[in-house]
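Just below is one structure, and these are the notes that go with it.
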Number of protein chains: 2
Amino acid sequence: MNTRVFKIDKLPAIRRLPAYLHLLRGLSEQGIKFVSSSYFAEEMQIQSILVRKDLALTRISGTPRIGYSVGSLIQGIEEFLGWNENLKALLVGAGQIGSFILGNQNLINVGLKIVAAFDSDPKKIGVSVHGVAISDSARLEDVLRRDQIGIAILCVPAGEAQQVADMLVTAGIKGIWNFTATKLIIPEEVITQKEDLASGLAVLSAKLTKRHTSQHSW
Amino acid sequence: MNTRVFKIDKLPAIRRLPAYLHLLRGLSEQGIKFVSSSYFAEEMQIQSILVRKDLALTRISGTPRIGYSVGSLIQGIEEFLGWNENLKALLVGAGQIGSFILGNQNLINVGLKIVAAFDSDPKKIGVSVHGVAISDSARLEDVLRRDQIGIAILCVPAGEAQQVADMLVTAGIKGIWNFTATKLIIPEEVITQKEDLASGLAVLSAKLTKRHTSQHSW
DNA sequence: TAGATTGTTAATCGATTAACAATC
DNA sequence: TAGATTGTTAATCGATTAACAATC
């Protein structure tokens, strides 16, 4: 009943931060130094006032008539999310899902560095996926201790998920990004984020069926 | 400015529907016929009243003291989302991302059927990924016409995304589920849903950094 | 100076929660 | 019947939008 769930403020704004970061990186590459809230608003199809509210999270302030400093915003967002250091993670379960994540452009853009990958399948150990060598899961604890990695990306088959999560917790992981279909049972001090693609598909489907029935509001 | 963006009601509730469906499928397999809102509440870590509100979307009503019929709810959710028919989609770009999606357990659970996969790389054409044969992108239009597929899953490299999307639109696609890092420019009657994993990572990161600074609210 | 853009304060809108009557 | 659970109506909470003063 009263399960103490870790709640966080301003979740919708936080979900938008990577999109700002992505746009800022693009501007930075073009050598552009300042940007106004209306630029983001246009690109992201939201109101400029919402942009200003979101950016206020970072404590970076803009200058009237000039806008925000691209560099400061990049730094501000990275700092807010704890992405200013290299954003290091390890990956467990180096199958198709792992491959996908290692190659995902959105995550590369954002600075995610996967420093180690593990699998329990002896056939995979030693193989390199996207430049990351796959190690035996047995060595997980060593690597965790040595490299101070906070996040584990869990990509094992559903049936193994809980067991691997237990191992990660024992090894002292701080956060688990869960791509399996399994709901993990985890001590409350370890943070988990479950990714379920089906909810995105549900949104698309709902929009499609609403369109049919002409219940749309533009 | 006044870009007519397709907005939809009750988005948070719609995002939760696949989770209900997942649990319902589990109950159904165990032969359980009725379920109460508090069961979902417990499993999903939300309030039971929110469950009842969400389920009301489907127009399925429960019975006091007994709960909701598992079968009716499954049907109701599927119907609401347009998933009662086989949920058919085609996939363009049969690389790692495509592989990942074809094998994703959450999507299989939900009934997604990928009936065709396309790639422009001659080396991939004819190869079978997860039981789906990869065809030449040139044949896309034929297949779309013949099989009445509404949804395309876009998994090509970022640089090709817009061009492939244009082709899909010309071929008469209704919705595009966009896994690329590219923001598509698309006629407004075609619905797009962009998937960006970085926002999930942002949430996890924000929770982790908030934990450090002890700003948590349980 | 005039005008563009930020950022504050208030208003609105929508989602969640609370209270409780209805009902099996 | 008594009690559990739904579903309605009202209250609260949080996110977005509006209005506008501040400022470069």
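Everything quoted here is computed from the prediction, not taken from an experiment. Just so it is clear: chains get the letters A, B, ... in the order the sequence lines come, proteins before strands, and each one is counted from 1.
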For a quick check of understanding: with a heavy-atom distance under 4.0 Å over all strands, which category does A/S37 fall into, base, sugar-phosphate or nothing?
sugar-phosphate

So the ring pair (Phe, Tyr, Trp, His ring centres under 6.0 Å) pairs with at least one residue in residues 148-206 of chain B (sequence neighbours excluded) are B/W177-B/F179

Those residues at least two apart in sequence (or on a different chain) that pass side chain to side chain contact (heavy atoms under 4.5 Å, CB included) with A/Q30 are A/L27, A/I32

So salt bridge (charged side-chain N to carboxylate O under 4.0 Å, His left out) across residues 92-116 of chain A, not counting sequence neighbours, yields none

So salt bridge (charged side-chain N to carboxylate O under 4.0 Å, His left out) across residues 53-64 of chain A, not counting sequence neighbours, yields A/R16-A/D54

Please output the side-chain donor-acceptor pairs of residues 161-169 of chain B that fall under 3.5 Å, not counting sequence neighbours, one pair per line with the distance.
| unit_1 | atom_1 | unit_2 | atom_2 | d |
| --- | --- | --- | --- | --- |
| B/Q162 | OE1 | B/I185 | N | 2.8 |
| B/Q162 | NE2 | B/D166 | OD1 | 2.9 |
| B/Q162 | NE2 | B/I185 | O | 2.9 |

- Query: OP1 or OP2 of C/dT5 less than 4.0 angstrom from a side-chain nitrogen or oxygen of A/S36, does that happen here?
  - Reply: no

Looking only at heavy atoms, the pair that brings B/N106 and A/K194 closest together is OD1-NZ, 4.3 Å

Which protein N or O atoms sit under 3.5 Å from an N or O of nucleotides 1-4 of chain D?
| unit_1 | atom_1 | unit_2 | atom_2 | d |
| --- | --- | --- | --- | --- |
| D/dG3 | N2 | B/R65 | NE | 3.1 |
| D/dA4 | O4' | B/R65 | NH1 | 3.0 |

Whole-Å distance, A/I66 CD1 to C/dT5 P, equals 11 Å

The complete set of salt bridge (charged side-chain N to carboxylate O under 4.0 Å, His left out) pairs with one or both residues in residues 17-26 of chain B, sequence neighbours excluded, reads B/R25-B/E78

Applying side chain to side chain contact (heavy atoms under 4.5 Å, CB included) to B/A171 and not counting sequence neighbours gives B/L140, B/E141, B/L144

In short, ring pair (Phe, Tyr, Trp, His ring centres under 6.0 Å) pairs touching residues 11-42 of chain B with sequence neighbours left out are B/Y20-B/F40

Under a 4.0 Å heavy-atom criterion, the protein footprint on nucleotides 7-17 of chain C, written with B, S and -, is BBB-----SSB

Paired runs of 3 or more consecutive Watson-Crick or G-U pairs involving DNA chain C, with both pairing distances under 3.5 Å, are C:3-24 with D:3-24

Across all chains, not counting sequence neighbours, the ring pair (Phe, Tyr, Trp, His ring centres under 6.0 Å) partners of B/W83 are none

